Amino acid sequence: MENTKPNATKIYFIAMAAFWLIFGLITAFYPALMNLFQTETGVSAVTTYSDHIWRHDGFDIIAISVLLFALSHETVSRNMLRATAIVALLATIVIISSIPSTPYWNMLFLVPGLGCFAFVIWGFVLAAKAK
C-alpha cells in the first residue's frame with residue numbers, strides 16, 4: 001500500500017508557496033491592497049511608477065511560489081532546505097528593517113514579516129532533521 005500522507009517537507013514547501021503566492025498575486029494585480037500595510041506617507045507616495053514596481057515584484061514572488069510548488073514534489077537535500085530558509089530570512093530582514101528605517105510601512109507590515117520568519121524557523125528545523 002502506498003503511503004499517501006504528505007511529509008513535513010512537502011507541507012513546508014506548499015505552505016510557503018501559498019503564503020507568498022497570495023502576496024505575489026496582490027502586488028501583481030491589485031497593488032492598492034498593499035496600502036493596508038503603509039502609513040499615510042506611504043500611501044501618498046504611490047505613483048504609477050511604484051505600481052509598476054509592485055507589479056514587477058509580484059511576478060518575482062509568483063515565480064518563487066512556482067519554484068516552491070515544484071520543490072514540494074521532489075526529494076530535497078538538507079542544503080536545499082537551508083537555502084529555502086535563507087530565502088525566507090532575507091524577506092524577513094527586509095520587511096522588519098524597513099519598518100523603522102522608512103516612513104512608509106505601518107506596524108501591520110510585521111504580520112507578513114513574522115509569517116516569513118516562521119518559514120525561516122521551520123526550514124532550519126526541517127534541515128536539521130534531514131538525512
Side-chain angles (χ1 to χ4, degrees):
M1 177 182 251
E2 181 182 337
N3 181 4
T4 58
K5 181 181 176 191
N7 65 33
T9 301
K10 181 176 183 144
I11 294 168
Y12 171 70
F13 284 122
I14 291 172
M16 189 172 176
F19 176 82
W20 283 2
L21 182 63
I22 292 165
F23 287 100
L25 291 170
I26 290 168
T27 58
F29 299 109
Y30 192 64
L33 194 55
M34 293 302 288
N35 290 345
L36 291 170
F37 301 104
Q38 295 188 58
T39 62
E40 288 182 31
T41 302
V43 173
S44 67
V46 171
T47 64
T48 55
Y49 179 71
S50 64
D51 284 346
H52 165 78
I53 297 301
W54 275 120
R55 185 168 191 247
H56 188 281
D57 288 348
F59 278 93
D60 291 345
I61 296 167
I62 292 167
I64 296 295
S65 293
V66 169
L67 185 59
L68 291 165
F69 277 123
L71 286 171
S72 74
H73 297 295
E74 302 294 325
T75 301
V76 296
S77 68
R78 177 180 294 173
N79 287 337
M80 186 57 68
L81 286 163
R82 284 185 189 135
T84 305
I86 290 169
V87 167
L89 178 61
L90 294 172
T92 302
I93 289 169
V94 76
I95 289 170
I96 302 301
S97 68
S98 68
I99 293 171
S101 67
T102 71
Y104 306 117
W105 299 107
N106 66 39
M107 295 305 282
L108 188 58
F109 203 39
L110 283 174
V111 174
L114 293 173
C116 288
F117 188 65
F119 289 109
V120 173
I121 301 300
W122 192 3
F124 281 122
V125 167
L126 289 172
K129 293 178 180 180
K131 294 176 184 171

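This structure is a prediction, so every number in the text was calculated from the model and none was measured. For the numbers below, each heavy atom of this structure counts, side chains included, while hydrogens, waters and symmetry mates do not.
- Atom CZ of Phe59 sits in a crowded spot, with more than 12 heavy atoms from other residues, nucleotides or ligands closer than 6.0 Å.
- One finds the CD1 atom of Ile99 at 9.0 Å from the CG atom of Leu108 (value rounded to the nearest 0.5 Å).
- Residues Arg78 and Ala127 come closest through the heavy atom pair NE-O, 3.1 Å.
- Side-chain contact between Leu89 and Ile93 is present, with heavy atoms from C-beta onward closer than 4.5 Å.
- Applying the 6.0 Å contact sphere to CZ of Arg55 captures no more than 12 heavy atoms from other residues, nucleotides or ligands.
- Contact record, Ile95 with Cys116: CD1-SG, 4.2 Å, taken as the closest heavy-atom pair.
- Without hydrogens or angle criteria, Asn106 side chain to Gln38 main chain gives a donor-acceptor distance under 3.5 Å.
- Thr84 OG1 to Phe124 CZ: the interatomic distance, rounded to the nearest 0.5 Å, is 9.5 Å.
- Pairing each heavy atom of Gly58 with each of Thr27, the nearest pair is CA-OG1, 2.8 Å.
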| request: Show your working on side-chain contact (heavy atoms from CB on, under 4.5 Å) between Ile64 and Leu68 and close with a plain yes or no. | output: CA-CA 6 Å; Ile64 296 295; Leu68 291 165; 3.9 Å; yes
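- For the pair Phe13/Val76, a side-chain contact is recorded, criterion being any heavy-atom separation below 4.5 Å from C-beta on.
- Side-chain contact between Thr102 and Trp105 is present, with at least one heavy-atom pair separated by less than 4.5 Å.
- No donor-acceptor pair under 3.5 Å is formed between the side chain of Ser50 and the backbone N or O of Val46.
- Side-chain N or O atoms of Ser72 include none that pairs as donor or acceptor with a backbone N or O of Lys10 at under 3.5 Å.
- Scanning both residues, Leu81 and Ala130, for their nearest heavy atoms gives CD1-CB, 4.2 Å.
- The number of heavy-atom neighbours closer than 6.0 Å to CZ of Phe69, taken from other residues, nucleotides and ligands shown, is above 12.
- Other residues, nucleotides and ligands contribute at most 12 non-hydrogen atoms within 6.0 Å of the OH atom of Tyr104.
- Nearest heavy atom pair, residue Ala88 against residue Val120, reads C-CG2, 3.4 Å.
- Clustering ILVMFWY residues whenever any of their side-chain heavy atoms sit less than 4.5 angstrom apart, transitively, puts Phe117 in a cluster other than the one holding Ile61.
- Ring pair Phe119/Trp122 is parallel by interplanar angle, where below 30° counts as parallel and above 60° as perpendicular.
- A continuous path of Ile, Leu, Val, Met, Phe, Trp and Tyr side chains, each step under 4.5 Å between heavy atoms, connects Met34 with Phe19, placing both in one hydrophobic cluster.
- In this structure, Ile26 CD1 and Leu36 CG are separated by 8.5 Å, a value rounded to the nearest 0.5 Å.
- Smallest separation of non-hydrogen atoms from Phe109 and Ser98: CE2-OG, 3.7 Å.
- Of the inter-residue distances, the one linking Ile62 atom CD1 with Ile22 atom CD1 reads 12.0 Å to the nearest 0.5 angstrom.
- Following chains of ILVMFWY side-chain contacts shorter than 4.5 Å, one can reach Leu110 starting from Phe37, so the two form part of one hydrophobic cluster.
- Atom CE of Met16 is separated from atom CG of Leu21 by 13.0 Å, given to the nearest 0.5 angstrom.
- A continuous path of ILVMFWY side-chain contacts below 4.5 Å connects Val111 to Ile96, so both sit in one hydrophobic cluster.
- In terms of hydrophobic clustering, with Ile, Leu, Val, Met, Phe, Trp and Tyr side chains grouped at heavy-atom distances under 4.5 Å, Met107 and Leu33 are assigned to a common cluster.
- By the 4.5 Å heavy-atom criterion applied to side chains, Trp54 and Tyr30 are not counted as neighbours.
- Interatomic distance, Met80 CE to Thr75 OG1, rounded to the nearest 0.5 Å: 12.0 Å.
- Between Asp57 and Asp60, the closest side-chain pair of non-hydrogen atoms falls below 4.5 Å.
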